[in-house]
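Working notes, beginning with the structure itself.
Protein chains get the first letters and strands the later ones, always in sequence-line order, with residue 1 at the start of each. Quick note: numbers below take in every heavy atom, side chains included, and nothing from hydrogens, waters or symmetry partners.
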Amino acid sequence: MAAQTRKQSLFQVSIIRQAIVDSVKKLNPLIMMRNPVMFVVEIGTVITLLMILMPKYFGVQDQLSYTIAVFIILLFTILFANFAEALAEGRGKAQADSLKKTKADTIAKRLNSKGEIEQVSSTDLRKGDVVLVETGDLIPGDGEIIEGLASIDESAITGESAPVIKEAGGDFSSVTGGTKVVSDSIQVKITADPGESFLDKMISLVEGASRQKTPNELALNTLLITLTLIFLMVVVTLLPIAGYVGVKLQIATLIALLVCLIPTTIGGLLSAIGIAGMDRVTRFNVLAMSGKAVEAAGDINTMILDKTGTITFGNRMAAQFIPVGEATEGEAQEGAVLASLKDETPEGRSVLELAKEQGLVVDPARYEQAAFIPFAAETRISGMDGNGNSYRKGAVDAVQKLVQEQGGQVPDDLKAKSDEIAGKGGTPLAVSIGNKIVGLIYLKDTVKPGMQERFAELRKMGIKTIMCTGDNPLTAATIAKEAGVDDFIAESKPEDKIRVIREEQAQGKLVAMTGDGTNDAPALAQADVGLAMNSGTIAAKEAANMVDLDSDPTKIIEVVSIGKQLLMTRGALTTFSIANDIAKYFAILPAMFMITIPQMSALNFMHLASPTSAILSALIFNAIIIPILIPLAMKGIAYKPMPAVQLLRRNLLIYGLGGVIAPFVGIKLIDLLIGLFV
Amino acid sequence: MGNAVLQFLIVILLLIIIAIPLSKYLYLAFAKEKTKLDRFFFPFEKIIYRIAGIKNVEETNWKKYVLSLIASNIALIGISYLILRFQQFLPLNPAKIGNMEQTLTFNTVISFMTNTNLQDYSGETGLSILSQMIFVTMMMFTSAATGLAVGITIMRALSTKGKLIGNFYQDYVRANVRVLLPLSVIVTLLLVGLGVPQTLDAGTTVTTLAGKVQNIALGPVASLEAIKHIGTNGGGFFGVNSAHPFENPNVLTNIIEILSMWSITAALPLTYGRMVKSKKQGWIIFGTMFAVLIVMLGIVYQSEQTGNAALNKLGFSHEQGSMEGKEARFGIAQSSLFTAVTTAATTGTVNSMHDTLTPIGGLVPLTLMMFNNIFGGDGVGFVNMLMYAILAVFLAGLMVGRTPEFLGRKIEPKEMKLIVIALLIHPLLILGPSAIAFLTHLGTDAISNPGFHGITQVIYQYASSAANNGSGFEGLGDNTPFWNISAGIVMLLGRYLSIIAMLAVASSLMKKQPVPETIGTFRTDNVTFGVILIGTVLIVGALTFFPVLVLGPIAEFLTIR
């Protein structure tokens, strides 16, 4: 599976090594400033460093070792946060590097106006140039096939090794630069200038170079900065207020209190969560054009899905053999099987498979000599002549005519039974042996296995599904019921999709859809989340905000889960971070005041060994919780589709209540450990 | 204990009995569409509109709404300032009271306009009867009406979609004519019936049993008491406020006053529930406020009943609890309830002296003002709680894997930026000036009990100002230019910044197309949300103040144990 080949372990040694280097580089205040919460920590670190360097000036000669300890922990707090970000970026970069190899310059065979071939570098190709690509050549740039047909190896982009067929005209004419023609030759009209190609876009996306903060991130950042300001105010005003009752507070202690109170945990992990979320999508072989699109996926209310290819296999399959007239079920079955024995179409195969499921196996060797009658548009019948009999299957009226021509009788119940099948949304095929109609094959469009469960999950998430199909309303209703979608549009035209999207959006809903054809492009652009298939046209891919490299339309469902998981991870860690403050207060405040006001020890109900140990323990907990939570930030918190109420209670219990309790335990343990060494 | 619980239960039961119909009345009184109330009240309102020169009442956007609000309040401030500065020369001044000093006037006018009613003066000696009637009473109506108008407008914005938020003058006139005036008339009559004076006489001079001559101040007390509580104002006719036997002669008047200040502010969440068509959500917000208040009430009652630890140690009987600074006619239960309600509803009227509460008892009113959203002042208290509700939705809402939505409207960076202004301003206004006060003699000289109690005194003063509560911890010599001006500024910013920010938030949310609720939506009408809301109020709202609370009341408690 393509997605598998891309998977890297969470902590690859080379990535970690690079991340360590980067986390030191990121100490640069100019970079740090982009993360105000951690920037405040850095300022605190610098102040403690100055205190160590000039102890006399600050009057801290006698607390040098304490100040050094605070400095070291603060420094590590920042490094840990930087490391989280660097690690998330590093994984993207590693992927980008492997893509870049594909991008190496190639020599293109450009066709000039006279139709002569000129050898040029791929970087010199411009929009509108036409190139010839032959067997074994790399396609020099994104483009559209204007002549020819070829099988193309797209594994460089999709990871899928089986070649795909692309041909001029229609919805399968677009080719991607960096992919390889395995057989035949094609003429490609280049559609992207160098640097703007799909591959370039992909590289910059996975690298995180074009990453912009999403609205959700911005809103959360606003809150985090405000909390930082509030706690800054708390700590600064504490100095004169405590001074009034004779409590002398050390600057290092105040800085420690500040750093513990401001939301460093989420502040340090916030960008890593965002990058890792995008990365999860990429790893899934879906290319999202922005983080905003991924988060919007989490907000989706309505999903519009094509029936064919997404919900069903798209080809009609045999579902039942129905005897007509005096024929038995066995005769109907046998007639159908023999009429299909040499039929290699999916429909023919499905007849054999159904018979096999029902326990009838026919040895093809017995009919080796039999003649195959292929399907023809004029006759609308196919079958086999052999062992002295003729077996036919085909459209009901065609078979009827055939039988009548041969002097046979049409069974009375044929019409009623075939109408019944049509009524259920299926297609009836009549089966004849000689001049006798023995039965009907009930062909129907089959829902892909597992789709029902997927739709049930979507319903649990509160997402409404709408199926689009060109079928008549009856057929559509049958499939819709079987698949478990909430609604359907039958006999839909491309403009129906965009109409439905607009209607839903007018109600404030966010809509997701998948598509691949050029006529899907407007709807893909209108949808809040549009997932285009990589096999689709360039117009579709440009209109969409996500492209699925595996061209599997059902993936939209997983993308929604990833979007939700991303938001949840952010919310959970924010809640955790803020809930931690309670314990930190109870560790640090008594420690700050205990020397002047001994009675304050009553608040030290964790029984931390000493004021110094209490403050350092809280600070250490505050620092190490960041690396401890890195795997969670990267992988995202566990998510199973369930109603919001349950989901909330569960997460609230783990991250809210857990966030209150965990630091009490953690700080106490660290305090005990410090006690062992001091 | 059992007796106290019974007293609490009776008042709470009465509150709920009043709040439910009142919430419906408020809903109708401010409804956009025509109601049966219009026929009765509109003739009165028409007169006011005509006098004010308002031709047609049109809905405006939020900016125009804010401008109207500010303009009307500035006009009131101007008129009031002139009255107080020249009261000596104005009629109805039988006691010959002089003009008010400049900085005190600044403080007093701001104080009454912002619904704070912090009084750095004493009513008997500081104000003429004209000032009491025109300035004090008028401000008590107008400031409460302003708050009510804002609260209702924000609720309305959240329940509709569009750009126009309402008409300030219409809401303001309706708040006065339909709500505050009728309720005040009822309460005044009840109070007069129970012995509260209502007269235009200056007072009487009597010869006491000891043969001394005593001036007994009188005036239109009952009417002032009514609006003082109904409008969550709190400025007393007399210096000792509702502890004075003329303001609050007995337990019945005490209960009436408690219910007067509590009812509107308790009814508002329910009105909100009606407006947004989710009564349950209204009850959840009410329940959240109520739960916190009950815990606080329990703490103050328990602490006062246990008595002063220092005295208990000396062997004094503590059966009576700590009665210092309390009125014998009210006892611990009625005093505790009054204390909790007056600071929760940010009224600031007092029937006992908060300065003499036990340390933990004193922590309760202080904390309630720091919350500023447990019922809170008329209209604005609910708005503050709404701010926390949106914050709670934002924090916890992400945990269901969707962009947080409140009433189906997405909370995005724009709303967050406005919300954080309201969030930031309250602690800033309490902690900032307190720190400055401790840094200068201008501040520390006013403290009457140095030490931990002094910290509480100062923090209390600014908490009371920032929350627009107005109760004094007393004991603080606060009639100096430093305190008058600093507290004045705190009251001003504490009132208007958050009102403006929240109106902007409401307007911004109003413009958004609500997303229909599904099973995947974060619900704000269940107990889980109530718990999250309490958690947010406690963690975000209260943790900010934890260090100063530790240094003030908690340190005092620990050291005298």
Mind checking whether A:Y585 and B:F546 have ring centres under 6.0 Å apart?
-> yes
Toward chain B, the part of [X] with a non-hydrogen atom under 4.5 Å:
{"X": "A:L227", "answer": "side chain"}
{"X": "A:I637", "answer": "neither"}
{"X": "A:R459", "answer": "backbone"}
{"X": "A:M600", "answer": "both"}
{"X": "A:A296", "answer": "neither"}
{"X": "A:K460", "answer": "backbone"}
{"X": "A:I230", "answer": "both"}
{"X": "A:L223", "answer": "both"}

Among [options], who wins on heavy-atom pairs under 4.5 Å with chain B?
{"options": "A:I225, A:L652, A:V236", "result": "A:L652"}
{"options": "A:V235, A:L261, A:L220", "result": "A:L220"}
{"options": "A:F231, A:Y655, A:F593, A:Y639", "result": "A:F593"}
{"options": "A:D581, A:V245, A:L229", "result": "A:V245"}
{"options": "A:L566, A:N221, A:T575, A:T569", "result": "A:T575"}
{"options": "A:I241, A:L239, A:T222, A:N651", "result": "A:I241"}

Between [options], which residue shows the highest count of heavy-atom pairs closer than 4.5 Å to chain A?
{"options": "B:L538, B:I447, B:I411", "answer": "B:I447"}
{"options": "B:T518, B:L551, B:V515", "answer": "B:L551"}
{"options": "B:I539, B:V458, B:V540, B:I455", "answer": "B:I455"}
{"options": "B:L398, B:L439, B:T544", "answer": "B:L398"}

Proximal component of [X], with respect to chain A [non-hydrogen, under 4.5 Å]:
{"X": "B:I419", "result": "neither"}
{"X": "B:K410", "result": "side chain"}
{"X": "B:I436", "result": "neither"}
{"X": "B:P514", "result": "backbone"}
{"X": "B:I421", "result": "neither"}

Identified side-chain hydrogen bond (donor to acceptor under 3.5 Å, both in side chains) partner of B:S508 from the options B:K417, B:R409, B:E412, B:E415 = B:E415
Is the side chain of [X] donor-acceptor paired with the backbone N or O of [Y] at a distance under 3.5 Å, no angle test?
{"X": "B:Y462", "Y": "B:L429", "answer": "no"}
{"X": "B:Q457", "Y": "B:S448", "answer": "yes"}
{"X": "A:T214", "Y": "A:E217", "answer": "yes"}

Look at the rings of [X] and [Y] and say which category their plane angle falls in: under 30° parallel, 30 to 60° tilted, over 60° perpendicular.
{"X": "A:F605", "Y": "A:F586", "value": "tilted"}
{"X": "B:H426", "Y": "B:F545", "value": "perpendicular"}
{"X": "A:Y244", "Y": "B:F438", "value": "tilted"}

Would one find more than 12 heavy atoms of other residues, nucleotides or ligands at under 6.0 Å from atom [atom1] of [X]?
{"X": "B:K511", "atom1": "NZ", "value": "yes"}
{"X": "B:K313", "atom1": "NZ", "value": "yes"}
{"X": "A:R454", "atom1": "CZ", "value": "yes"}

Please assess A:N216 against B:T403 for the test side chain to side chain donor-acceptor pair (under 3.5 Å), listing each intermediate value before the final yes or no.
-> CA-CA 7 Å; A:N216 274 319; B:T403 299; 3.0 Å; yes
Is it true that A:R280 and A:E558 have a side-chain N and a carboxylate O under 4.0 angstrom from each other?
-> no
4.5 Å side-chain heavy-atom contact, A:I273 and A:I266 | yes
